[in-house]
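The sequence lines fix the lettering, A, B, ..., with proteins before strands; numbering per chain opens at 1. Since the model is a prediction, treat every value here as computed from it, not as a measurement.
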2 protein chains.
Amino acid sequence: METLQEKRISIIKSGMELINEHGFHGCPISQVAKKAGVAAGTIYTYFENKEDMIYGIFKEVIQKQYKAVALKDNPELPFQERFFKFWENISEFYFQNPEIQGFLDQFLKSPYNTEEVHKENPSWFEWTENFYLDGIRQGAIKDINPIILKILVNESAHSLAKVKRNFGKKLEKKKVDFSSYPFMIWDAIKAN
Amino acid sequence: METLQEKRISIIKSGMELINEHGFHGCPISQVAKKAGVAAGTIYTYFENKEDMIYGIFKEVIQKQYKAVALKDNPELPFQERFFKFWENISEFYFQNPEIQGFLDQFLKSPYNTEEVHKENPSWFEWTENFYLDGIRQGAIKDINPIILKILVNESAHSLAKVKRNFGKKLEKKKVDFSSYPFMIWDAIKAN
DNA sequence: TCAAAATGATTGAACGTTCATTCAGAGCTT
DNA sequence: AAGCTCTGAATGAACGTTCAATCATTTTGA
């Protein structure tokens, strides 16, 4: 533990792991502190209160996702290529960071997730919207509200990563081909 | 409040509503009791403890879903027709029962949702699996693991119902056509 | 150059609150 | 009166949060 930033990150990581494993109930400050190797009181120098900590975790996580997915997008490429690259990046990101996915899964479906939270973390949400708007403008995908497209694609990517992790070995034996999935999604959204 | 069964249902309904609105954190027994119009202790004549109550809510909810969706399926019809009927039923069910959807959303993504829970409530989970297996056997949809199909379809239905409820009026102005959604999903899963 | 002072992070015991759960007694039905 | 359901105050554990005290680091000033 060196800098203050590192301690902050350690708290965030611990909280995220506890929420991933035990839910929002089941992540007491006392345990977050223990896991992070700090005293309970220390958490309150980094966050106003527990709620603020949870929003802090979300902010961190959504920024990481932005870097791992949005920043790797190349708007010069044809949209179909961008789409498959996007799919690959987001799948890989979730697969490599199961705690992040577990946290996001729960956060996004919870009452913590409000419109205000989206406004306070515009980078990712604005980027995804523009991503699909690009696809529509170029005539590559159906002219459908980006909110709808986002759901279809992102929820599917989310769930597939989860299945891959939970049932990966079982499904491998049955020769399930995960790579067919993005093609299915593409079939759903591509322009006729 | 007449019979015991009705009191049980009242507790379940109250717990469900609180979880929908405030999450698993934010649903204390004291409030469930208050909302249900019973004393806190009464809940413990119907459930062993709080966890048991939450699983009780899930059981109730999944049975309702089974009745509202699975029992309305007619296996005699061509699969495509069954699929669109299924979509309509599940969308309508979620739209008419927002607390159920809010609860399910959170439950299914939470650590409460384990493989064991699925085994204890086989009706719905077995039915969906068989539904997709039927489609595959008849050559109507792609030969893909039913787990994957289930995710793609059910998660999408879930999310769409949520959007419809949250952004319904906003999207209506923009003339978003929700009816296009099941066709997109069908395009994704139909056999080539 | 170096002690003294200031700063700010860290600690963990202590606090007040809230929680899930219990249970003795009351009420109701048969 | 027997056998239940129901009540809600009581219980003790667990929780989020505070804060006086401690510690480490930096700044000051002679």
Exercise. Can you tell me if Glu51(B) and Tyr112(B) form a side-chain donor-acceptor pair at under 3.5 Å?
Worked result: no
Just wondering, do [Y] and [X] contact through their side chains at under 4.5 Å, heavy atoms?
X	Y	result
Phe58(A)	Phe103(A)	yes
His118(A)	Asn113(A)	yes
Ile11(B)	Met53(B)	yes
Leu160(B)	Glu155(A)	no
Glu60(B)	Ile9(B)	yes
His25(A)	Cys27(B)	no

Exercise. What bend angle does the helix from dT1(C)-dA30(D) to dT30(C)-dA1(D) show across its length, from five-pair end axes and to the nearest 10 degrees?
Worked result: 10°
Seminar exercise, completed: Here the gap from Asn89(A) atom CG to Glu92(A) atom CD, rounded to the nearest 0.5 Å, amounts to 8.5 Å
For this session: Identify whether any heavy atom of Phe47(A) sits under 4.0 Å from a base atom; if not, whether one sits that close to sugar-phosphate; answer base, sugar-phosphate or nothing.
Result: nothing
For this session: Can you spot which of Tyr66(B), Phe79(B), Phe83(B) makes a ring-ring contact (aromatic ring centres under 6.0 Å, His included) with Phe131(B)?
Result: Phe79(B)
Exercise. For DNA chain C, which nucleotides open and close the run of contacts to chain B, 5' to 3', at under 4.0 angstrom from a non-hydrogen atom?
Worked result: dC19(C) to dT22(C)
Exercise. Hey, does the side chain of Thr45(B) come within less than 4.0 Å of dT5(D)'s phosphate (OP1/OP2), counting only N and O?
Worked result: no
Seminar exercise, completed: Residues of residues 49-57 of chain B with a heavy atom under 4.0 Å from any atom of DNA chain C, listed by number, are Asn49(B), Lys50(B)
Exercise. Is any NZ, NE, NH1 or NH2 atom of the basic residue among Lys85(B) and Glu88(B) found under 4.0 Å from an Asp or Glu carboxylate oxygen of the other?
Worked result: yes
